[in-house]
Amino acid sequence: MAGNKDLSTVRNIGIMAHIDAGKTTTTERILFYTGRSYKIGEVHDGNAVMDWMEQEQDRGITITSAATSCTWKSTDINIIDTPGHVDFTVEVERSLRVLDGVVAVFCAVGGVEPQSETVWRQAEKYSIPRIAFVNKMDRIGADFERVVKMMEERLGTNPVVVQIPVGKEAEFEGVIDLIEEKMYVFDEDSLGQEVIEKDIPEAYRDRFTAAHMVLIEKLADFDDEIMENFLEDTPVSADTLYRALRIATLNLNLVPVLCGSAFKNKGIQPLLDSIVQYLPSPLDVPPVEGLGKKDEVISRKTDSKEKLAALIFKLMSDSYVENLAFIRIYSGTVKVGDKVFNPVKKKKEKIGKLIRLHANKREEVDSLSAGDIGAVIGLKFSTTGDTLCANGDYIVLESMEFPEPVIGVAIEAKSKADEKKLEETLGKIAMEDPSFRIAKNEETGQTIISGMGELHLEIIVHRLIHEFKANANVGTPQVSYKETISANAEAEGKFDQQTGAKGMYGHVVIEVEPLGRSEGVVFESVVKGDTIPDMFLEAIEKGIRDSLDAGPLIGYPVTDIKVTLVGGSYSEEESTEMAFGVASSMAIRRATADAKPLLLEPIMNLEVVSPEEYLGDVMNDLNSKRAKVVGVDAKDSLQVIKAHAPLAEMFGYSTSLRSATQGRANFTMQFEKYDVVPKNRADEIIRKIRGI
């Protein structure tokens with residue numbers, strides 16, 4: 001795109017939903033009808049454009065956020081198709097950070113499902129305007145009104161219906177547009193490309209009138225002109241309704257709701273019209289804010305002539321080129337060959353190539369400017385969440401927070417010769433996926449890789465072996481435990497080494513006390529400068545924090561602990577930062593061992609949807625897995641069981657649930673909190689890990 005483009009005709013949108021609601025199918029239809037694809041790709045055939053990774057095609061789910069762009073009625077639409085599986089929440093999070101609007105896809109049968117709620121809350125966090133598309137209206141059990149009601153109840157949102165379906169299940173024909181007051185059907189011979197406009201059938205007149213009145217009533221709450229028309233009982237023009245609905249959507253007051261069946265090629269063109277009509281352009285988004293050198297707030301308008309401010313929201317390793325860095329340009333313009341500054345890493349970078357994206361196909365361009373989403377090749381130091389600005393400038397845009405991984409697996413190179421390759425490959429994957437961690441277990445010498453769930457790790461291992469051709473042996477998944485303390489304790493650490501010309505001396509006394517769950521590690525000093533000078537406090541805190549990475553029970557990180565430096569001594573000649581670091585490390589080890597350490601395990605939030613007749617079997621199975629059931633809701637002939645279950649008991653749960661319900665139940669699971677492992681179970685784990 002040229003630097004002088006009209007930003008009001010640009011939309012940066014995401015498509016998000018629960019797994020299997022039809023996000024990718026919807027995106028494939030959008031690409032087909034906008035002329036970006038010459039044929040329709042299908043997820044179930046493994047040829048969807050947006051699911052281009054081998055594992056996505058094998059599993060029929062979206063794993064990475066694919067980016068693409070297309071044009072509809074002179075509007076350029078940049079689309080990111082995000083994953084729906086809970087293990088890939090991070091992918092959704094970082095996409096939402098850089099998007100201006102979202103299409104939330106709901107299944108007309110399943111309605112608002114657990115992961116729909118998660119992604120909805122994520123969009124709420126970033127104050128992103130949304131429109132809703134109720135998909136799969138052709139499926140048995142489709143119920144449009146029920147989904148709209150669920151949106152109100154479960155999401156606490158204010159949906160406004162702008163289309164009603166004509167027929168449902170196998171009888172689903174098309175949609176009635178409440179603003180244009182027309183019925184649209186989609187010609188099957190042209191794969192839905194031809195949209196046929198019809199008058200509203202007589203049988204639907206009453207339904208249309210009632211729904212049209214509800215639309216006007218809802219808009220009257222946010223628009224004075226419509227309120228006057230409503231009170232005087234005079235008609236409201238379509239233009240007035242469009243204008244009011246756009247403003248209410250941008251202000252997060254209302255969510256327009258449309259319906260269709262992406263798989264049956266029905267309802268996609270009106271959805272595209274709504275993306276253009278209701279979702280924001282980069283100009284409708286408030287100026288981006290960042291911090292300057294002195295932590296002062298700086299804002300930048302969406303303008304290609306402003307100074308450059310761009311956010312790297314994702315890195316992707318590729319077996320053919322160097323790292324691809326996905327960027328959103330908030331202000332200014334970046335050109336090939338430009339030297340830019342990364343204020344987070346305090347490094348200069350050179351822009352090697354700039355790319356517009358279409359899933360895994362690329363189109364090289366000379367420049368990207370405000371409002372664009374694209375990718376850069378050639379960055380050496382930058383990672384996810386970093387800002388790029390002009391040389392000589394300084395602005396740091398708000399970065400992203402990533403959750404702690406809860407599951408780990410041991411991995412080792414098959415031979416000495418493979419070690420370097422494995423290390424490099426793991427480093428590449430860690431750079432592109434901030435929810436993936438690599439750690440070395442000092443006691444066993446093993447490398448432990450950790451992620452957000454079984455599927456997450458399974459896909460990383462698959463990529464390691466098949467995509468990057470790394471020769472490695474992989475263990476079975478292990479839970480990422482943590483340790484904490486349950487009592488107060490005091491300990492002393494003294495390091496006094498008299499060797500060579502100059503001795504080394506450090507002496508500390510610390511107290512530890514337990515904190516509440518999820519409070520992390522808190523360090524405080526109450527000593528005066530004449531006991532231990534302030535210049536050594538940083539080394540003491542570092543020595544303590546580093547030692548807390550391996551707890552007294554079985555070497556897992558210690559958390560939810562407060563450490564207070566209460567005393568000690570120093571020598572003017574012999575005290576060094578290193579000596580105090582060693583002394584504080586000795587003290588914290590003794591203190592945590594004396595403070596009645598406990599083992600913590602990740603507890604998962606589990607939601608099981610099962611036919612009523614299997615409820616007893618599902619509950620018995622959950623009880624055997626130390627799960628606590630926190631609620632059971634009826635949803636038609638299905639039962640929704642909500643429970644908190646230890647991750648350690650949930651390996652292979654999909655298999656046991658399938659066998660208990662003849663494959664008719666499904667579940668979603670995501671991390672909830674860390675909690676104390678019961679004593680008998682903890683003793684068993686400790687014995688096993690210590691090899692006793």
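Along the sequence shown, residues carry numbers from 1. Predicted model, so just to flag it, every value in this text is computed and none were measured.
- With contacts defined as side-chain heavy-atom distances shorter than 4.5 Å, the pair E153/V112 does not qualify.
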Set out, in order, the CA-CA distance, both residues' side-chain angles and the distance that settles side-chain contact (heavy atoms from CB on, under 4.5 Å) for T592 and L548, then state yes or no.
CA-CA 9 Å; T592 49; L548 288 175; 4.0 Å; yes
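- Atoms CD1 and CG, on I485 and L598 in that order, are 9.0 Å from each other to the nearest 0.5 Å.
- By the 6.0 Å contact criterion, CD on E296 is enclosed, its count of non-hydrogen atoms from other residues, nucleotides or ligands being greater than 12.
- Proximity of V618 to L622: side-chain heavy atoms (C-beta onward) are separated by under 4.5 Å at one or more points.
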Passes side-chain contact (heavy atoms from CB on, under 4.5 Å), R681 versus E601? Steps please.
CA-CA 11 Å; R681 184 82 184 95; E601 64 182 342; 5.6 Å; no
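- H644 is listed as a side-chain neighbour of V630, based on a closest heavy-atom distance under 4.5 Å.
- E519 CD: more than 12 foreign heavy atoms inside a 6.0 Å radius.
- A 4.5 Å side-chain heavy-atom check between I411 and I438 finds every atom pair outside the cut-off.
- A pairwise comparison of heavy atoms in G567 and I532 identifies O-CD1, 3.7 Å as the closest pair.
- Within the 4.5 Å cutoff, the side chain of L599 has no heavy atoms near those of the V676 side chain.
- Note: E574 CD to Q497 CD = 10.5 Å, rounded to the nearest 0.5 Å.
- Note that CG of D617 and OG of S656 are 11.5 Å apart. Values are rounded to the nearest 0.5 Å.
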Criterion side-chain contact (heavy atoms from CB on, under 4.5 Å) on V102 and Y126, from CA distance to verdict:
CA-CA 11 Å; V102 156; Y126 292 113; over 6 Å; no
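- The distance from the CD1 atom of I327 to the CG atom of L311 is 9.5 Å, given to the nearest 0.5 Å.
- Here the shortest heavy-atom pairing between A645 and M650 reads CB-SD, 3.7 Å.
- Here the closest non-hydrogen pair linking Y481 and A648 is OH-CB, 3.9 Å.
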Passes side-chain contact (heavy atoms from CB on, under 4.5 Å), V558 versus V521? Steps please.
CA-CA 8 Å; V558 179; V521 176; over 6 Å; no
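- Contact check for H507 versus Y570: no side-chain heavy atoms found under the 4.5 Å cut-off.
- With E483 contributing its side chain and G555 its backbone, the two residues share a donor-acceptor pair below 3.5 Å.
- The cationic atom of K345 (NZ for Lys, CZ for Arg) does not lie both less than 6.0 Å from the six-membered ring centre of F381 and within 45° of the ring axis.
- A side-chain donor-acceptor contact under 3.5 Å links S575 to the backbone of Y505.
- Of the possible polar contacts, one joining the T484 side chain to the T559 backbone as a donor-acceptor pair under 3.5 Å is found.
- In this structure, E289 CD and I395 CD1 are separated by 9.0 Å, a value rounded to the nearest 0.5 Å.
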Taking only distance into account, with no hydrogens and no angle test, what donor-acceptor pairs under 3.5 Å do side-chain atoms of residues 509-517 form with protein atoms, sequence neighbours excluded?
{"from": "R517", "atom 1": "NE", "to": "D560", "atom 2": "OD2", "distance (Å)": "3.0"}

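- Taking every heavy atom of both residues into account, F523 and R545 meet most closely at N-NH2, 4.0 Å.
- Side-chain contact between T661 and V608 is absent, with no heavy-atom pair separated by less than 4.5 Å.
- Taking the side chain as every heavy atom from C-beta outward, E538 and F580 never approach each other to under 4.5 Å.
- Between E424 and K420 there is a salt bridge, since a side-chain N of the basic residue sits under 4.0 Å from a carboxylate O of the acidic one.
- Residues R590 and D594 are not paired through a salt bridge, judged by the lack of any N-O separation under 4.0 Å between the basic side chain and the carboxylate.
- The NZ atom of K673 sits 7.0 Å away from atom CD1 of I603, with the distance rounded to the nearest 0.5 Å.
- Classification of D683 and K679 as a salt-bridged pair holds, one side-chain N sitting under 4.0 Å from a carboxylate O.
- When every heavy atom of S547 is checked against every heavy atom of I588, the shortest pair comes out as CB-CG2, 3.4 Å.
- Residues F536 and T576 share a closest heavy-atom pair of CE2-C, 3.7 Å.
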